[in-house]
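These notes are about the structure you will find just below.
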Amino acid sequence: KIYKMSGYNVPVTETVILSEKDVDTSSFPPTVIKPDPTRFYYAIRIFTGSEYLSGTRNDVSIELVGSTSRTGSITKQNVKFFKSTIANRKGYDDIVFECKAELGEVYVIVLGNIERRPPAGDRLDILDLSDQRSGWLVEQVEYAKLQTEEPPVTFPCYNWIGSGDSISFTANTATVNDLNGNEILKYQRQSQIEQRRKVYQWQAYPEINLPSSINDDVKDLPINEQFEAVKSYDFTRNAFSSVAQTGLNTIFGGAINGRSLSRYERLATAIATPAFTPLELYRWVSDEEFGRQMLNAVNPVVIERCSSIPANFPVTNDMVKGSLVRGVSLDDEMKAGHVYICDLTILEGLKTREGWYCPAPLCLLYVNKNNNLVPIAIQLKQTPGSDNPIFLPSDH
């Protein structure tokens, strides 16, 4: 079968959402208080993210797509604008469906964030909230077929759904192999790919010899790709906190006068909050943190596997044997693929402003038994000599 992009090729069954008074939601899966024996019951629990502004003030649409039938898009209305009864931050919402026909095995869940404006003159209408502030961060959905012993199934999402947008996702057990022979999953994946092809257009600039880029305004990209209001809020809050604390510390003790590490430690400790604890302040001196930062830097591909020591980096086995925890020689560790090198010769001769210096270092790295990448030798300049020592972990 070839699916038209207008929808899933399974029939829509008559479906209603049960009211709270008809369902006992004290546990999940919930219990229908007076079930109709001629009907089929399904429940979902939608988990909203814990980030600031994770909930939505909009109405929500839900569709369950099963192997034999689907619910169609059902709208769940919010009662209030200012404080949602659906999808509150850090919360979850249980929704129970009563269907005339059995859905079969549910493969896909579709959630929509229906754009809904407050009445004219309402304070939220005056604020003119952006799509970001009406976005909805869905972490996951738990699905259960009621009146059976089948355990709930998790449908991971972990996506923002912008105002007026929808998203479809599959169960955590779905794999590429499941697409074979499953027309519902094929259609879901095909729709997803076609939608992304429309959204993410690439623009080249051959006439001016500039790198290619996304052919869109950032504000027109999906909310997941934007620097959303959540991050803006966190940045602003941390900035105000830092400025306030810095001012207090400058007045009461001069925490940042001078450049010693102890003074910066005092400052970082002063601005620490439950949401922001500067752990790197204490970790930076460890070899494990050095390796972690190298792997998470802007260009980790400068790290290469080392099969032989370069002539301009005269590291010997005796120098590093104390760091080789497997008890074999440096040559044996290189043969086993446990030794890497970062050679920043590209920085040699780089011009700097007066009074500044830019090294062109070489660093030998080692994967220890804990699978951590750690430095075992560092040389700051490319040419070896008496004025260019090789620094080792044993030096301190």
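Bear in mind that the values here come from a model prediction, so they are computed numbers and not experimental data. We're numbering straight along the sequence, starting at 1.
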Between Asp59 and Thr75, is any side-chain donor less than 3.5 angstrom from a side-chain acceptor?
no
Let me see the working for Asp93 and Arg45 under side chain to side chain contact (heavy atoms under 4.5 Å, CB included), right down to the final yes or no.
CA-CA 5 Å; Asp93 296 277; Arg45 172 169 283 185; over 6 Å; no
Side chains of Val138 and Thr48, heavy atoms from C-beta outward: is any pair under 4.5 Å?
no
Please name the pair of heavy atoms, one in Tyr107 and one in Ser67, separated by the smallest distance, quoted to 0.1 Å.
CE1-CB, 3.6 Å
Side-chain donor or acceptor of Asn388 paired with backbone N/O of Gly385 under 3.5 Å:
no
Is the shortest side-chain heavy-atom distance between Val96 and Leu146 below 4.5 Å?
yes
Can Glu348 and Lys381 be counted as an ion pair, charged N to O under 4.0 angstrom?
no
Flag the pair Asn58 / Trp136 as yes when at least one side-chain heavy-atom distance between them is below 4.5 Å, and no otherwise.
no
Gln140 and Thr154 side chains, donor-acceptor separation under 3.5 Å
no
Value rounded to 0.5 Å, distance of CE in Met319 from CD1 in Ile309
10.5 Å
So do the side chains of Trp160 and Ile167 get within less than 4.5 Å of each other, counting heavy atoms only?
no
Is a donor on one side and an acceptor on the other found under 3.5 Å between the side chain of Asp165 and the backbone of Ile161?
no
Determine whether Val302 and Leu344 satisfy the following criterion, side chain to side chain contact (heavy atoms under 4.5 Å, CB included), listing intermediate values before the conclusion.
CA-CA 8 Å; Val302 297; Leu344 297 179; 4.3 Å; yes
Atom CE in Met334, atom CD1 in Ile341: separation rounded to 0.5 Å?
9.5 Å
Any side-chain heavy-atom pair from Leu392 and Val320 closer than 4.5 angstrom?
yes
Salt bridge between Glu194 and Arg197, side-chain N to carboxylate O under 4.0 Å?
no
Only counting residues at least two apart or in another chain, list the ones meeting side-chain contact (heavy atoms from CB on, under 4.5 Å) with Ser26.
Asp24
Just how far is it from atom NZ of Lys76 to atom CD1 of Ile17, taken to the nearest 0.5 Å?
6.0 Å
Can you tell me if Thr71 uses its side chain to pair, donor with acceptor, with the backbone of Leu64 under 3.5 Å?
yes
Can you find a pair of side-chain heavy atoms, one from Ile62 and one from Phe97, that are under 4.5 Å apart?
yes
Which residues share a ring pair (Phe, Tyr, Trp, His ring centres under 6.0 Å) with Phe313, sequence neighbours left out
none
How long is the span from the CD atom in Gln195 to the CD atom in Gln192, to the nearest 0.5 Å?
8.0 Å
Any side-chain hydrogen bond (donor to acceptor under 3.5 Å, both in side chains) pairs touching residues 299-325, not counting sequence neighbours?
Arg305-Tyr340, Asn312-Gln382
With side chains defined as the heavy atoms from C-beta onward, is the minimum distance between Leu324 and Leu330 less than 4.5 Å?
yes
Under 3.5 Å, side chain of Arg39 to main-chain N/O of Cys99, donor-acceptor pair present?
no
Rounded to the nearest 0.5 angstrom, the OG1-CG distance for Thr56 and Asn113 is 3.5 Å
Run the side chain to side chain contact (heavy atoms under 4.5 Å, CB included) check on Val65 and Ile109 step by step: do they pass?
CA-CA 6 Å; Val65 183; Ile109 293 177; over 6 Å; no
Is a side-chain donor or acceptor of Thr68 paired with a backbone partner of Glu102 at a separation under 3.5 angstrom?
yes
Nearest heavy-atom approach of Ser61 to Ile114 is CB-CD1, 3.8 Å
So, do Ile184 and Val108 sit near enough that their side-chain heavy atoms are less than 4.5 Å apart?
yes
With rounding to the nearest 0.5 Å, note down the distance linking OG1 in Thr352 to CD in Glu354.
9.5 Å
Report yes or no: do Val315 and Val325 belong to one cluster of Ile/Leu/Val/Met/Phe/Trp/Tyr joined by side chain heavy-atom distances under 4.5 Å?
yes
State yes or no: do Ile390 and Leu364 share one hydrophobic cluster built from I, L, V, M, F, W and Y residues joined by side-chain heavy-atom distances below 4.5 Å, directly or via other members?
yes
Is there a side chain to side chain donor-acceptor pair (under 3.5 Å) between Thr345 and Asp343? Walk through the geometry before answering.
CA-CA 6 Å; Thr345 184; Asp343 185 355; 4.7 Å; no
Got a sec, which pairs hit side-chain hydrogen bond (donor to acceptor under 3.5 Å, both in side chains) with one end in residues 356-374, sequence neighbours left out?
Arg326-Tyr366, Glu333-Tyr366
Enumerate the ring-ring contact (aromatic ring centres under 6.0 Å, His included) contacts for residues 12-47, please, sequence neighbours excluded, ordered by first and then second residue.
Phe47-Tyr92
Note: Pro375 and Pro393 closest approach over all heavy atoms is O-CG, 3.6 Å
Check against side chain to side chain contact (heavy atoms under 4.5 Å, CB included), Phe155 and Ile44
CA-CA 10 Å; Phe155 284 69; Ile44 61 171; over 6 Å; no
Which pair of non-hydrogen atoms, one from Cys342 and one from Leu365, has the smallest distance, and what is that distance?
CB-CD1, 4.4 Å
Hey, quick one: are Ile95 and Phe169 part of the same hydrophobic cluster, counting side-chain heavy atoms closer than 4.5 Å, chains of contacts allowed?
yes
Linking I/L/V/M/F/W/Y whenever their side-chain heavy atoms sit closer than 4.5 Å, directly or via other members, would Ile74 and Ile46 fall into one cluster?
yes
Counting only heavy atoms from other residues, nucleotides and ligands, does the tally under 6.0 Å from CD1 of Ile346 exceed 12?
no
When hydrophobic residues are tied together by side-chain contacts of less than 4.5 Å, even through go-betweens, does Leu373 share a cluster with Phe391?
yes
Where is the tightest heavy-atom contact between Pro156 and Ala171, given as atom of each residue plus distance?
CD-C, 4.0 Å
Which residues pass the side-chain contact (heavy atoms from CB on, under 4.5 Å) test with Ser19, sequence neighbours left out?
Lys21, Asp22
Counting distance only, does the side-chain N/O of Thr13 pair as donor-acceptor with the main-chain N or O of Ala101 below 3.5 Å?
yes
Grab the two heavy atoms, one from Leu295 and one from Pro300, that are nearest each other, plus how far apart they are.
O-CB, 3.5 Å
Within the 3.5 Å criterion, strictly below it, is a donor on Ser168 or Gln188 matched to an acceptor on the partner's side chain?
yes
